[in-house]
Amino acid sequence: MLASLAPRGRPLKHATGPRIPSRTQRESLVAEERNDVNIDIRDVVERRSRFLIDEIRSGFPRYDHAVRFTLRSLSNYIHVGDDLGSHGIARGLRFRSRSAHDALLRLIADGAGKSRSWGSVLRNEHPDPLKAIWDRLQALPPDELSSDEVVRQLQAWPMVLVTIDEHKALDKKLPPFDRYREARVEVLTGDPTSADGWCAAPQFVMR
């Protein structure tokens, strides 16, 4: 699973928004922010995964802030290739509800690409809640608990950009697909750098 992760890439600006910077410009921005342009996220994911495994094997595992933030950080690296803030994650996700996709395009068209107003409109949602993943990892036999298994669990269901109202409707203790079916949330998948070409995500298609 770790081998399937690509080196970290910074999400591009949306095609309908400001001009997309060149690769050199993007690398310069990353260098200014973190000075680690050439980082291989597999190393980061391995270390973060080992932290979770060590916590589980401690004999007294706790689902505290350290564990929650580590799971969230891992999810960010796995799904968008970087541990960005919620705004950056939203723009880099390859899965969006149809309503969130339309809302995102409106926000960008209105020049709100970096506005805090995003937080009142959109949410980055984990179809498989991080707490549920943590509970499953704890329940695994010791010989099955590995960094690859941590990644597999987090990769199983992609993070989805949804609207605030959809996020509320999804607040149900059901399996991922059932949560989205009950809430009637249509999920699309596509290239986050483009406004076009988005289509129904197979794993979320209502049956």
Nearest atoms (heavy-atom pairs only) where [X] meets [Y]:
X: Arg96; Y: Pro192; answer: NH2-O, 3.6 Å
X: Trp134; Y: Ile56; answer: CH2-CG1, 3.5 Å
X: His79; Y: Pro158; answer: CE1-CA, 3.5 Å
X: Ile164; Y: Ser120; answer: CG1-O, 3.5 Å
X: Thr70; Y: Ala66; answer: OG1-O, 2.7 Å
X: Leu105; Y: Ala195; answer: CD2-CB, 3.8 Å

Check whether any side-chain N or O of [X] sits under 3.5 Å from a backbone N or O of [Y] as a donor-acceptor pair, and report yes or no.
X: Asp82; Y: Leu84; answer: no
X: Glu166; Y: Thr163; answer: yes
X: Asp64; Y: Val67; answer: yes
X: Ser75; Y: Leu71; answer: no
X: Arg123; Y: Lys168; answer: no
X: Glu55; Y: Arg62; answer: yes
X: Thr189; Y: Phe95; answer: no

Derivation of the side chain to side chain contact (heavy atoms under 4.5 Å, CB included) call for Leu93 and Val80: CA-CA 6 Å; Leu93 289 176; Val80 301; 3.7 Å; yes

Stepwise salt bridge (Lys or Arg N to Asp or Glu O under 4.0 Å) test for Asp135 and Lys131: CA-CA 6 Å; Asp135 290 342; Lys131 178 59 164 62; 2.9 Å; yes

Partner residues of Pro175 under the side-chain contact (heavy atoms from CB on, under 4.5 Å) criterion, sequence neighbours left out: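 Scan of Pro175 (side-chain contact (heavy atoms from CB on, under 4.5 Å), adjacent residues dropped) gives Asp178.
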
Check against side chain to side chain contact (heavy atoms under 4.5 Å, CB included), Arg68 and Arg72: CA-CA 6 Å; Arg68 285 194 292 273; Arg72 191 172 298 279; over 6 Å; no

Given side chains that start at C-beta, do those of [X] and [Y] come closer than 4.5 Å, heavy atoms only?
X: Tyr180; Y: Val187; result: yes
X: His126; Y: Pro129; result: no
X: Val162; Y: Leu122; result: no
X: Leu137; Y: Gln153; result: yes
X: Val45; Y: Ser147; result: no
X: Cys199; Y: Leu188; result: no
X: Ile53; Y: Glu149; result: no

Evaluation steps, side chain to side chain contact (heavy atoms under 4.5 Å, CB included), between Leu154 and Asp128: CA-CA 8 Å; Leu154 286 164; Asp128 195 5; over 6 Å; no

Within the 6.0 Å centroid threshold, strictly below: Phe204 and Trp157: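 Under 6.0 Å, so yes.
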
Whether over 12 other heavy atoms sit under 6.0 Å from Phe51 CZ: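 Yes, CZ of Phe51 has more than 12 neighbouring heavy atoms, counting only those of other groups under 6.0 Å.
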
Asp171 atom CG, neighbour heavy-atom count above 12 within 6.0 Å: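 No, the 6.0 Å shell around CG holds no more than 12 heavy atoms from other groups.
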
Cluster overlap Tyr63 with Leu52, hydrophobic side-chain contacts below 4.5 Å: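 Tyr63 and Leu52: one cluster.
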
Spacing of [X] atom [atom1] and [Y] atom [atom2] [to the nearest 0.5 Å]:
X: Arg47; Y: Leu74; atom1: CZ; atom2: CG; value: 11.0 Å
X: Arg106; Y: Leu104; atom1: CZ; atom2: CG; value: 10.0 Å
X: Arg152; Y: Ile78; atom1: CZ; atom2: CD1; value: 11.5 Å
X: Asn124; Y: Ile89; atom1: CG; atom2: CD1; value: 6.5 Å

Parallel, tilted or perpendicular, as decided by the 30° and 60° cut-offs, for the rings of His101 and Trp198: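 Answer is tilted, since the angle falls between 30° and 60°.
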
Ion pair Arg179/Glu125, N-O distance below 4.0 Å: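 Between Glu125 and Arg179 there is a salt bridge, with a charged N closer than 4.0 Å to a carboxylate O.
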
Salt bridge flag under 4.0 Å for residues Arg98 and Asp102: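 Salt bridge flag = no for Asp102 with Arg98.
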
Side-chain donor-acceptor contact under 3.5 Å, Asp83 with Ser73: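 A donor-acceptor contact under 3.5 Å links the two side chains.
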
Donor on one side chain, acceptor on other, Asp191 and Thr193, under 3.5 Å: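 Distance-only check passes for Asp191 and Thr193.
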
Over-ring placement of Arg48 relative to Tyr77, 6.0 Å and 45° cut-offs: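 Not flagged: Arg48 not positioned over aromatic ring of Tyr77.
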
